[in-house]
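In what follows, a single structure is set out as structure tokens and then discussed.
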2 protein chains.
Amino acid sequence: MTDSNSNASLIAPSIPGDALPPVEQHAQQYATVRNAHETELIEDYVELIGDLLAHRGEARAADIANRMAVSQATVSKMIRRLNELELVTSKPYRSLFLTEAGQKMAETSRARHDVVLHFLRALGVKDSTARIDAEGMEHHVSDETLAIMQRFTKQQQKK
Amino acid sequence: MTDSNSNASLIAPSIPGDALPPVEQHAQQYATVRNAHETELIEDYVELIGDLLAHRGEARAADIANRMAVSQATVSKMIRRLNELELVTSKPYRSLFLTEAGQKMAETSRARHDVVLHFLRALGVKDSTARIDAEGMEHHVSDETLAIMQRFTKQQQKK
DNA sequence: CAACATTCTTAGCCAAGGCTAAACTGTTTG
DNA sequence: CAAACAGTTTAGCCTTGGCTAAGAATGTTG
């Protein structure tokens with residue numbers, strides 16, 4: 001018998017209020033994180049491409065490579081994937097553009113990112129740290145938490 | 001010329017206060033996230049093993065597989081890695097134990113995890129959501145932010 | 001306009017983290 | 001105590017996301 005052992009407490013009396021979550025819930029937590037990881041990079045690329053288009057008027061593979069601190073070959077390969085996923089359109093050796101779906105994803109990601117970033121700053125985290133943390137956190141914040149963060153930031157600004 | 005283009009504003013006038021971060025800083029953000037991803041899974045395993053040992057008295061591969069919603073083969077392979085990293089000790093077909101280093105990592109991860117979880121709850125996020133978000137966020141929260149979260153949680157509890 | 005520089009792509013490598021199927025070990029039980 | 005079952009490992013596969021090196025396309029400039 002293993003985890004579903006209900007008399008495990010005989011072996012190691014569980015600390016009250018600090019128990020392991022039920023298996024199904026626990027499993028769901030990890031599955032959600034794993035799932036987020038699959039889309040994370042895609043979203044980062046699309047978001048960055050959107051930003052480059054907005055701020056620079058064009059998105060070149062070399063820019064992406066520089067900003068992501070990754071080789072151009074890696075970017076090139078990734079762009080092929082984004083193409084297959086119909087998130088970007090690209091002609092060889094030319095600048096990139098986002099499809100409808102790509103634009104939607106870029107906007108969503110950007111908005112999400114901004115909420116988290118502003119929240120962290122409102123909380124008192126210094127800018128450079130907030131940027132790094134936001135980049136990592138944005139893909140793991142549920143809509144519920146996101147809404148709460150947004151509310152918090154607004155309240156903080158009123159003060 | 002690409003990203004370092006300083007007259008890019010001629011192409012697309014940048015929105016003030018909403019510019020792209022300087023390339024080096026931007027690159028650092030992504031690099032930090034990539035780095036976190038490498039250790040993330042390892043930490044999750046070690047943390048879970050620590051929890052199982054604390055609450056159940058033993059950590060079996062099957063339990064881990066169930067709780068992570070992953071096949072036993074995957075766990076087995078991962079344990080080999082943890083062994084190589086000298087984070088766990090294991091005899092074939094036997095329960096697992098943490099090395100000194102493993103215990104230290106488990107404690108750190110657990111503490112981190114708890115700070116984030118309690119913070120989210122203090123913020124008003126409902127428990128089931130907080131658990132999922134915490135699982136994803138914990139590896140992307142800097143020490144600075146962590147300290148602020150901890151302070152916030154304490155203040156909230158005083159009220 | 002030819003040569004050089006930059007950018008982009010392709011080919012081929014690697015490690016990580018999943019999976020299934022099959023073999024092996026340990027435990028329980030008829 | 002042998003058979004059946006539960007748990008573990010191994011083998012072999014796949015995808016993702018990195019890399020370097022080499023070559024092709026494009027852009028720039030003397």
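Letters A, B, ... mirror the listed sequences (proteins, then strands); counts begin at 1. Just so we're clear, the structure is a prediction, and the values are computed from it rather than from any experiment. Note that these values count all heavy atoms, side chains included, but never hydrogens, waters or copies made by symmetry.
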#### Entry: B:V75: partners by side-chain contact (heavy atoms from CB on, under 4.5 Å), with sequence neighbours left out
B:Y45, B:A61, B:I64, B:A65, B:V70, B:I79

### Query
Can you find a heavy atom in the side chain of B:L98 that is under 4.5 Å from one in the side chain of B:T89?
no

### Query
Could you give all pairs that pass the salt bridge (Lys or Arg N to Asp or Glu O under 4.0 Å) test and reach residues 83-104 of chain B, with sequence neighbours left out?
none

### Task
Please state how far atom CE in A:M68 lies from atom P in D:dC19, giving the value in whole angstrom units.
12 Å

### side-chain contact (heavy atoms from CB on, under 4.5 Å) partners for A:T32, two or more places apart
A:Q28, B:I132

### Task
List, by chain and then residue number, the residues other than A:V125 in its hydrophobic cluster (Ile/Leu/Val/Met/Phe/Trp/Tyr, side-chain heavy atoms under 4.5 Å); write none if there are no others.
A:V115, A:V116, A:F119, A:L120, A:L123, A:M137, A:V141, A:L146, A:I148, A:M149, A:F152, B:V115, B:V116, B:F119, B:L120, B:L123, B:V125, B:M137, B:V141, B:L146, B:I148, B:M149, B:F152

### Query
Between atom CD1 in A:I64 and atom C1' in D:dG17, what is the gap in whole Å?
15 Å

### Message
Filter on ring pair (Phe, Tyr, Trp, His ring centres under 6.0 Å), then keep only pairs touching residues 120-151 of chain B, sequence neighbours left out; what's left?
### Response
A:H140-B:H140, B:H37-B:H140

Polar atom pairs between nucleotides 2-5 of chain D and protein, under 3.5 Å, N or O only, would you list them?
none

Nucleotides 20-25 of chain C: which of its N/O atoms have a protein N/O under 3.5 Å away?
residue : atom : partner : partner atom : Å
C:dC24  : O2   : B:Y93   : OH           : 3.4

### Query
Are any side-chain N or O atoms of A:R34 and backbone N or O atoms of B:M68, one a donor and one an acceptor, separated by less than 3.5 Å?
yes

### Summary
When rounded to whole Å, the CZ to P distance for the pair A:R60 and D:dA25 reads 16 Å

### Query
With B:A101, which residues qualify under side-chain contact (heavy atoms from CB on, under 4.5 Å), at least two apart?
B:L87, B:T99

### Residue A:V70, side-chain atoms from C-beta onward, closest of C:dG18, D:dG27, D:dC19
D:dC19

#### Entry: Distance in Å, B:R80 CZ paired with B:L85 CG, rounded so as to fall on 0.5 Å steps
12.5 Å

### Query
What residues, two or more places apart in sequence or in another chain, satisfy salt bridge (charged side-chain N to carboxylate O under 4.0 Å, His left out) together with A:D51?
A:R110

### Query
Taking only N and O in the side chain of B:R94, is any of them less than 4.0 Å away from OP1 or OP2 of C:dT27?
yes

### Query
How close or far is atom C1' of C:dG26 from atom CD of B:E58, stated in whole angstroms?
13 Å

### Contact list for DNA chain C against residues 35-51 of chain A - heavy-atom distance below 4.0 Å
none

#### Entry: Heavy-atom check, side chain of B:L52 versus side chain of B:R60, under 4.5 Å
no

### Task
Would you mind listing the cluster partners of B:L117? Hydrophobic ones only (ILVMFWY), side-chain contacts under 4.5 Å, chaining allowed.
none

### Message
For DNA chain D, which residues of residues 77-87 of chain A approach it to below 4.0 angstrom with any heavy atom?
### Response
A:K77, A:M78, A:R81

### Query
Less than 4.0 Å between a side-chain N and a carboxylate O, is that true for A:R56 and A:D63?
no

